[in-house]
4 protein chains.
Amino acid sequence: MARDGTSPKWRRRKEARPAEIVDAALDAFAERGFAATRLEDVAERAGISKGTLYLYFRSKEELFKAVIQQAMVPNLALAEERLAISTGTTRELLLEVVGGFLGSVAGAKLSAIPKLIIGEANNFPEVAEFYTREVAGRGMRIIAAILKRGMDRGEVRPLDPSLAAPIIAGPLLLLVLWKNVLEPYAKQTIDAEEYMRTYADILLNGVLQRPAPKEG
Amino acid sequence: MARDGTSPKWRRRKEARPAEIVDAALDAFAERGFAATRLEDVAERAGISKGTLYLYFRSKEELFKAVIQQAMVPNLALAEERLAISTGTTRELLLEVVGGFLGSVAGAKLSAIPKLIIGEANNFPEVAEFYTREVAGRGMRIIAAILKRGMDRGEVRPLDPSLAAPIIAGPLLLLVLWKNVLEPYAKQTIDAEEYMRTYADILLNGVLQRPAPKEG
Amino acid sequence: MARDGTSPKWRRRKEARPAEIVDAALDAFAERGFAATRLEDVAERAGISKGTLYLYFRSKEELFKAVIQQAMVPNLALAEERLAISTGTTRELLLEVVGGFLGSVAGAKLSAIPKLIIGEANNFPEVAEFYTREVAGRGMRIIAAILKRGMDRGEVRPLDPSLAAPIIAGPLLLLVLWKNVLEPYAKQTIDAEEYMRTYADILLNGVLQRPAPKEG
Amino acid sequence: MARDGTSPKWRRRKEARPAEIVDAALDAFAERGFAATRLEDVAERAGISKGTLYLYFRSKEELFKAVIQQAMVPNLALAEERLAISTGTTRELLLEVVGGFLGSVAGAKLSAIPKLIIGEANNFPEVAEFYTREVAGRGMRIIAAILKRGMDRGEVRPLDPSLAAPIIAGPLLLLVLWKNVLEPYAKQTIDAEEYMRTYADILLNGVLQRPAPKEG
DNA sequence: CATGAATGAGTGTTCATTCAT
DNA sequence: TATGAATGAACACTCATTCAT
């Protein structure tokens, strides 16, 4: 029985399944919200039967939690590391972080998470707390750290970093939500890249020290 | 005023009912989301019986639509009028509009709407479209109009107003959502007034023409 | 409306419902056991819909508990009172109590309870404890009291009443179970009255003082 | 002893399996009842996998039947033989049979069977019939035979043996059920040996000819 | 108009049974 | 033989909706 090196179709499945299911669930939840999603739909999307779900997740709620975690956690570490290494100017740093952000918005998958959190936070206090601390909080702290570093280097105007951080994050959140929620119902589209350029323009202008305006 | 025999209190009641119900529904929906809210809870909050709801709204979905409309429509006209009359500088105008916004965030009631829309847009295309057009869209157009006016007057740097508008709105959205969704699960609070001050500082700096830097 | 004395079909229902449901449930449980009974069957027997059950009982388990209690409690008080009043000989007393028992066996309804308890005790510790204390225990204590009284009056041979009581109860339990469980699958029937006569004969002989053996 | 290459332990295992499974099943059924027992639990107790069960039993029901049969059949033949050989007085004979019974109660295993039968008889007509005929019926017939023999020998008072038999069996059934069902939920314990002594005392007194009442 | 008892379609969850390995 | 992943029928329970009062 399977004496050779080929792994049986099945075994491999066993390991991939949880991720496949979470993926399918993210899609389904993103489309209809947590409550309105039938587990049977998730199963169908994942190409399995309803019962099989329960081999991997104890309940719909557990599945939801898994969706949130699987989607967010890896992504955050990334951003943090990027920051730690960097040596450039604040301008460069901000553009880099924000550029990375743009990338994830395009890779639509996980950009549906905020929408889910917003809709269900009150029904999943645990998840809400986790998200607040580990995602929103961490994100804010990263931005605040950049600002502080910038102020230390004299590049950034004196500001309260913990207040400025969410202000910087705001337009990004709006973009994500727009793309995920309202754009399908709008007549016009926002071009993400143009948006980000304008955003960088405005925000950097708003935040950075005026560049020694040589005489107007 | 009750010239006839009928109890006026009662009469007024009858007319107020729909609004009372919508109010109760907004509360309930804001707390648990549309799907997770039981009509019985709404009824209880409104001090009526489950059956009575159906005398005023044909279904849960109709009630939802009413909630969205009742909450938003009046508020928008207000902002628009404010704009039309205004004669001040762009700085003043923006601060005024944005200040009005701060007021509505404090009057928490309708600030829960965005959260609802975000969670349920896909399940209520009609509502989503309405909201996109009449609320989000109109809001953007107001801001864009201010910017354009500012550019015409030479107060605002040259920018694409339709791109800049959502960027200006972003931090406001974030504040609303933070207050309504995550703050209960966070260790720290954002002081709305401080936040708005910093916001004005950054955004105005980012958007307005540099004030004639005299020479360094 | 309903100004006259007739009570609306409905109101009256409301009050009778719980008992009707418990009745239907007892039948169903008696037939198939707790686990194998579908709530839908209970509903059907009670002439109501599945959902209506839940207006009166919070869960299948609650219904089960209600069945046990409704069936047993009233019956026990009766037996106890009968005892308290009595003034006859032990023979008369035992025959009376035991006769009452025969009556309840005929009125099959509640005679299915022991069967239910036996099958589900381990799954309903609460119920088991209640039954042990309030039904089995109380029954034993009644019998033991009769015996003790009999010994005090010199009518009953010296015996440990708390051991003798279950021995006296045993044949009664067997009869109930036989009638409820195995008889449908047996070729012969036990005639309950004959059985009780023989029972009285044997047990009284076994328990009472020998009738003045004329000089032995 | 393992002279060849095949592991004998393994071999023996294979043959013992059915019995082991039935054993595990008896335990599980005794604890939770037939319906509430998951086959997975049985498998776990037996130290095998869920699928393996199906190599030995075609369904849960088949397993149940096997449990009943394996538990009862051998035990009955024993009692019958004991009777056939015996030559003592009725008193001795009864005490002997009943003593054997006491032994089996102690060896708890199969004493859970009555409980199972009582709970599931209606769901397993076949089993119920088998049990009625081969266990209950046979048991009754053994006792009846003893009584008849006793009457023939003038040791037993004239009685209808087929009515007296269940009366004699009743207290034994009660003991078994008490031990298996309610005792865990009671504050007091019944000492089985004392119980049996009192039982013998009462029943023999009730059944046997009065011991030569010296001319009364 | 108002009530709340009644309904039943819908969904999460369990578990006996199957079957590819 | 043995495994355990996969299945899907079955059932408890919920809740929007109806309607007799």
Side-chain angles (χ1 to χ4, degrees), chain A residues 1-3 6-11 13-15 17 35-43 47-63, chain B residues 10-11 13-14 17 35-43 47-63, chain C residues 1-3 6-11 13-15 17 35-43 47-63, chain D residues 10-11 13-14 17 35-43 47-63:
Chain A
M1 302 118 190
R3 275 183 213 117
T6 73
S7 47
K9 211 187 305 174
W10 238 38
R11 271 320 132 139
R13 225 67 201 279
K14 174 73 196 291
E15 276 140 35
R17 275 282 152 83
T37 295
R38 283 175 309 156
L39 241 19
E40 200 156 7
D41 290 344
V42 175
I48 59 177
S49 80
K50 213 174 11 160
T52 302
L53 278 179
Y54 285 83
L55 296 179
Y56 299 95
F57 300 94
R58 284 218 300 275
S59 71
K60 198 184 180 186
E61 304 212 346
E62 289 302 321
L63 178 56
Chain B
W10 214 67
R11 259 286 142 81
R13 208 67 197 278
K14 206 179 332 193
R17 272 283 156 84
T37 295
R38 286 176 305 157
L39 242 19
E40 196 156 11
D41 290 344
V42 175
I48 60 176
S49 82
K50 220 181 347 171
T52 304
L53 276 179
Y54 283 83
L55 298 176
Y56 297 95
F57 300 93
R58 282 220 306 277
S59 72
K60 196 185 181 185
E61 305 212 346
E62 290 304 320
L63 177 56
Chain C
M1 301 114 201
R3 279 182 212 119
T6 72
S7 45
K9 211 188 301 177
W10 240 38
R11 277 311 139 143
R13 224 69 200 278
K14 175 73 195 293
E15 276 141 35
R17 276 283 152 82
T37 295
R38 282 175 309 158
L39 241 18
E40 200 155 8
D41 290 345
V42 174
I48 60 177
S49 80
K50 209 175 12 161
T52 303
L53 277 179
Y54 286 84
L55 297 178
Y56 299 95
F57 300 93
R58 282 219 302 275
S59 71
K60 197 182 180 188
E61 303 211 348
E62 290 303 320
L63 177 56
Chain D
W10 213 68
R11 260 286 142 80
R13 209 74 197 271
K14 204 179 336 191
R17 273 281 155 83
T37 295
R38 287 176 306 158
L39 242 19
E40 197 155 11
D41 290 345
V42 174
I48 60 176
S49 81
K50 222 184 341 175
T52 303
L53 276 179
Y54 284 82
L55 298 178
Y56 297 95
F57 300 93
R58 282 221 305 276
S59 73
K60 195 184 182 187
E61 305 212 346
E62 289 304 319
L63 177 57

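Hydrogens, waters and symmetry mates are skipped; everything else that's a heavy atom, side chains included, is used. In what follows, chains carry the letters A, B, and so on, assigned in the order in which the sequence lines appear, proteins first and then strands, with residues in each chain numbered from 1.
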Q: Select one nucleotide: of E/dT13, F/dA2, F/dA5, the one nearest the side-chain heavy atoms of A/Y56.
A: F/dA5

Q: Round to the nearest Å and state the distance from D/E62 atom CD to E/dA16 atom C1'.
A: 14 Å

Q.
I need the D/Y56 OH to D/I48 CD1 distance, nearest 0.5 Å.
A. 7.5 Å

Q: Report the nucleotide, chosen from F/dA2, F/dC15, F/dA12, that has the shortest atom-to-atom distance to any side-chain atom of D/R17.
A: F/dA2

Q: By nearest nucleotide on DNA chain F, pick out whichever of D/G51 and C/R58 is the more 5' one.
A: D/G51

Q: To the nearest Å, give me how far apart CD (C/E40) and C1' (F/dT14) are.
A: 15 Å

Q: Using five base pairs at each end, measure the axis-to-axis angle across the helix from E/dA2-F/dT21 to E/dT21-F/dA2 and round it to 10 degrees.
A: 10°

Q: When you get a sec, tell me which of F/dA2, E/dT7, F/dT17 is the closest nucleotide to the side chain of C/S49?
A: E/dT7

Q.
Can you measure C/Y54 atom OH to F/dC15 atom P for me and round it to whole angstrom units?
A. 13 Å

Q) Considering only E/dA5, F/dA6, E/dA2, which nucleotide approaches the side chain of A/L55 most closely? A) F/dA6

(Q) Any base atoms under 4.0 Å from B/K60, or only sugar-phosphate, or nothing? Heavy atoms, all strands. (A) sugar-phosphate

Q: For B/L63 and F/dT17, give me the distance from atom CG to atom P, rounded to whole Å.
A: 10 Å

Q. Which atoms form the tightest heavy-atom contact between B/L63 and B/V42, and what is the distance?
A. CD2-CG1, 4.2 Å

Q: Give a yes or no on this: more than 12 heavy atoms of other residues, nucleotides or ligands lie within 6.0 Å of atom CD of A/E40.
A: no

Q: For D/F57 and F/dT1, give me the distance from atom CZ to atom P, rounded to whole Å.
A: 13 Å

Q. Hey, what do you get for CG (B/L53) to CZ (B/R58), rounding to the nearest 0.5 Å?
A. 14.5 Å

Q: Examine the base of E/dT13 for any acceptor or donor lying under 3.5 Å from a partner atom in the side chain of A/K50, and report the outcome as yes or no.
A: yes

(Q) What contact category does C/L53 fall into here, base, sugar-phosphate, or nothing, at under 4.0 angstrom with non-hydrogen atoms? (A) nothing

Q. So which one's nearest nucleotide on DNA chain E is more toward 5', A/T52 or B/T52?
A. B/T52

Q.
What's the closest nucleotide to the side chain of A/L39 if the choices are E/dT17, E/dG12, E/dA16?
A. E/dG12

Q) Please give, in whole Å, the distance from F/dA12 P to C/E61 CD? A) 11 Å

Q | Heavy-atom pair with the smallest gap, counting every atom of D/A35 and D/K60 | A | O-NZ, 3.4 Å

Q | Least distance between heavy atoms, C/T52 atom then C/R17 atom | A | CG2-NH1, 4.2 Å

Q: Send over the distance from B/I48 CD1 to E/dT3 P, rounded to a whole Å.
A: 7 Å

